[in-house]
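Below is one structure; the comments refer to it alone.
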Amino acid sequence: MTTLAQQPYEHDRTGSADHPAGYATHEVTNQPPPLAPYDAAADPALLEGLRREGAGWAEEDVRRLGLRAGSVQAQEWGDLANRHEPVLRTHDRYGTRVDEVEYHPSWHHLMRVAVGEGLAAAPWADGRAGAHVARIAGALVWGHTEAGHGCPTSMTYAAVPALRAQPELAAVYEPLLTSREYQPGLEVPTTKRGLLAGMGMTEKQGGSDVRTNATTATPTGEPGLYTLRGHKWFTSAPMSDLFLVLAQAPGGLSCFLLPRVLPDGSRNTFRIQRLKDKLGNRSNASSEPEFDGTVAWLVGPEGQGVKTIIEMVNCTRLDCVMSSAALMRKTLVEAGHHVTHRTAFGARLRDQPLMRNVLADLAVESEAATTLTLRLAGAADRAARGDAGEAAFRRIATAVGKYWVTKRGPAFTAEALECLGGNGYVEDSGMPRHYREAPLLSIWEGSGNVNALDVLRALRRSPATAHALFAELALARGADARLDAAVAGLETRLAAAAEAGARRLVEQMALVLQGSLLVRYAPPAVADAFCASRLGGDWGHSFGTLPDGADLDGVLTRALPG
């Protein structure tokens, strides 16, 4: 006799190949397919800027890297590297202090591609004009994978010009820093095929006020060789081979080169006290190392530490702008993909007027960020080749771009996330990771106030910087009345510049600079929408508030074809 418990349920008999018995409760509809694989380099603003700034020769490589960045495999690497965070191992199984950080294999896959594609320090060894632009363009597309591993590649890139302040050290290490080979693991630096570099400036009592650093540097009696004692508050990528750090020498705050492994093969004292538990950037280990008799070599003269390392800061600030622009583009692509494949209230989301306004507004912001990033990269490239005018422009425009583009990132990412609705709030979508990443770029290498004050300092100390900026703006004079009026307003504001108003001044500088670039280089639909909203005042307080006359179709067709 069959009992009730033994009788099959009716819906168990309705299974099929697509819906196994017992699970045929519903069909999944109105959800977008996976985005990957996709082409991360399919961005006209990026490719046009690459050619315009003198690196058209790299377009084939950038396009190839864009396909790899959007591949299923690379996107999975980015996800896994953040789900499986770095682990600190202070001691080995025998009790020996090792101070090592273990990363998930996906981190190493990402790093191997980045270094191999020249996204670390390779441009310094490349004699071609546009090499630095090519690196930035490559990073803009490879940034679609994962942001954390961009930290060690950025610091490695930035270390080279600072290290050149001590030519004998640069002669030894620069060829290895500019290598395209990624070789993880702590070994004698000169025995490796390629090196990574980090930096350690901030301390808990000072933060951005690095002149208050308390780490001490004691001469050993051997020329250029010191021992350090102190504690650093933020030192990212602690498994790098070399670090540029600041410490107080007898002659004042100075810059030092600190290797993890000494020439005799012994481990330098680099006691990692803990890894930071961070909001975002979780794939990348940020540590607190303690120095106690740690061996280091002087870079540049004693007492000139800030002057020596400032070139490193200028380079990493450009990478902050680039990373924010990459994050904007990535989240715009994600949002565009979702609304293209999702319907609501009887129509595809992408075809609904208000959603089109939101997407177009985001697209304008993204293109402005990308165009400015590539212009800054062009200035860096030409400055490295001896162009004094471009060096002056780079000095002020990089700080302006760092302030503004990184400030726009969090609001932009939040709006892109909202385009996915509740789906965007779920970790599986990837959008929460992007949202947590966005605020970092505004904090790293100086918060908003630090960069705004740096702009004021540059204007007061180097009048050539203001001349270079206005010379750039003059190239668009007469093309748009709203831009011309904004430039005139900037001149008035500049004459009365004060510290309390530094943020408004720098914001206006950024907007007119972006507007001038878009008026010169972007299609009319993009340039007009930017000037009407950002410069003309016909804009609300959130994205999706472009004026009624904006050519939304023109903007979206360019930014999100198909």
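Qualifying salt bridge (Lys or Arg N to Asp or Glu O under 4.0 Å) partners for R164, counting only residues two or more places apart in sequence or in other chains: E174. Applying the salt bridge (Lys or Arg N to Asp or Glu O under 4.0 Å) rule to R436 yields the partners E427; only residues at least two apart in sequence or on another chain are considered. For W77, the ring pair (Phe, Tyr, Trp, His ring centres under 6.0 Å) partners at least two apart in sequence or on another chain are H109. In this view, P175 satisfies the side-chain contact (heavy atoms from CB on, under 4.5 Å) rule with no residue, not counting sequence neighbours. Every residue two or more places apart in sequence or in another chain that forms a ring pair (Phe, Tyr, Trp, His ring centres under 6.0 Å) with H144 is listed here: Y38. For H231, there are no ring pair (Phe, Tyr, Trp, His ring centres under 6.0 Å) partners, not counting sequence neighbours.
Within the 4.5 Å cutoff, side-chain heavy atoms of R63 are placed close to those of L47. The shortest side-chain heavy-atom distance between H149 and T145 falls under the 4.5 Å cut-off. Within the 4.5 Å cutoff, the side chain of C315 has heavy atoms near those of the P161 side chain. Within the 4.5 Å cutoff, side-chain heavy atoms of Y182 are placed close to those of M111. Between L372 and L517, the closest side-chain pair of non-hydrogen atoms falls below 4.5 Å. Residues V101 and S287 have side chains not in contact (no heavy-atom distance under 4.5 Å, counting atoms from C-beta outward). Within the 4.5 Å cutoff, the side chain of Q31 has heavy atoms near those of the V28 side chain. Proximity of N281 to E437: side-chain heavy atoms (C-beta onward) are separated by under 4.5 Å at one or more points.
Between E365 and R408, at least one side-chain nitrogen of the basic residue sits less than 4.0 Å from a carboxylate oxygen of the acidic one, meeting the salt-bridge criterion. With respect to R274 and E288, a salt bridge is recorded, a charged nitrogen being found less than 4.0 Å from a carboxylate O. Under the 4.0 Å criterion applied to side-chain N and carboxylate O atoms, R83 and D428 are assigned as salt-bridge partners. The pair R329-E367 fails the salt-bridge criterion, with no side-chain N (NZ, NE, NH1 or NH2) lying under 4.0 Å from an Asp/Glu carboxylate O. A salt bridge links R394 with E311: at least one charged nitrogen is closer than 4.0 Å to a carboxylate oxygen. Ion pairing of K330 with D43 is absent here, as no side-chain N (NZ or NE/NH1/NH2) approaches a carboxylate O to less than 4.0 Å. We find that E85 and R282 are joined by a salt bridge, their nearest charged nitrogen and carboxylate oxygen being less than 4.0 Å apart. With salt bridges taken as basic N to acidic carboxylate O contacts below 4.0 Å, one links R267 and E100.
Taking CG of N82 as the reference point, atom NE2 of H104 lies at 11.0 Å (rounded to 0.5 Å). A distance of 4.0 Å separates CG of L225 from OG1 of T220, quoted to the nearest 0.5 Å. Taking CZ of R342 as the start and CG of L420 as the end, the distance is 9.0 Å to the nearest 0.5 Å. Atom CD of Q514 is separated from atom OG1 of T373 by 8.5 Å, given to the nearest 0.5 angstrom. Taken from CH2 in W444 to SG in C151, the straight-line distance is 4.5 Å, to the nearest 0.5 Å. In this structure, the separation between CH2 on W297 and OH on Y173 is 6.0 Å, given to the nearest 0.5 Å.
Side-chain contact of Q166 with E168: a donor-acceptor pair under 3.5 Å is present, judged by distance alone. For the residue pair E181 and Q183, no side-chain donor N or O sits within less than 3.5 Å of a side-chain acceptor on the partner. Side-chain contact, S286 with K278: a donor N or O sits under 3.5 Å from an acceptor N or O. Looking at S283 and E146, their side chains do bring a donor and an acceptor atom within 3.5 Å of each other. Between the side chains of T216 and Q248, no donor-acceptor pair of N or O atoms lies under 3.5 Å. Looking at T215 and N213, their side chains never bring a donor and an acceptor atom within 3.5 Å of each other.
Smallest separation of non-hydrogen atoms from L275 and P86: CD1-O, 4.0 Å. Considering all non-hydrogen atoms of both residues, L228 and L258 come closest at CD1-CD1, 3.9 Å. Of all non-hydrogen atoms in P259 and N268, the two that sit nearest each other are O-ND2, 2.9 Å. Taking every heavy atom of both residues into account, P189 and L176 meet most closely at O-CD1, 3.5 Å. The two residues A162 and L244 come nearest to each other via the heavy atoms CB-CD1, 3.8 Å. Summarising the geometry of A249 relative to Y226, their closest heavy-atom pair is CB-CE2, 4.3 Å, with the distance given to 0.1 Å.
Checking side-chain atoms of R260 against main-chain N and O of P238 turns up a donor-acceptor pair under 3.5 Å. Judged by distance alone, the side chain of D79 and the main-chain N or O of Q75 form no donor-acceptor pair under 3.5 Å. Panel note: side chain T153, backbone G150; a donor-acceptor pair is recorded below 3.5 Å. In this structure a side-chain-to-backbone donor-acceptor pair under 3.5 Å is missing from T398 to R395. Here the side chain of K407 pairs no donor or acceptor atom with the backbone of K402 at under 3.5 angstrom. In this structure, the side chain of S447 does not engage the main chain of I443 through any donor-acceptor pair within 3.5 Å. For the pair K204 (side chain) and F234 (backbone), a donor-acceptor distance under 3.5 Å is absent.
For H132 and W124, the ring centers sit closer than 6.0 Å to each other. A centroid separation of less than 6.0 Å is found between the aromatic rings of F243 and F270.
Partner L177 forms a side chain to side chain contact (heavy atoms under 4.5 Å, CB included) with one of V160, L196, D241 and no other, that one being V160. Considering R135, R64, R112 as possible partners of E117, the one that fulfils the side chain to side chain contact (heavy atoms under 4.5 Å, CB included) test is R64.
Using cut-offs of 30° and 60° for the angle between ring planes, the Y103 and W107 rings count as parallel.
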Residues E59, R51; criterion salt bridge (charged side-chain N to carboxylate O under 4.0 Å, His left out); working and verdict: CA-CA 8 Å; E59 183 170 342; R51 302 179 201 121; 2.7 Å; yes
Tell me, with the steps shown, if R317 and D454 meet salt bridge (charged side-chain N to carboxylate O under 4.0 Å, His left out). CA-CA 12 Å; R317 281 181 176 176; D454 190 44; 2.8 Å; yes
Between R229 and D292, does the salt bridge (charged side-chain N to carboxylate O under 4.0 Å, His left out) criterion hold? Intermediate values first, please. CA-CA 4 Å; R229 190 170 194 278; D292 189 7; 3.4 Å; yes
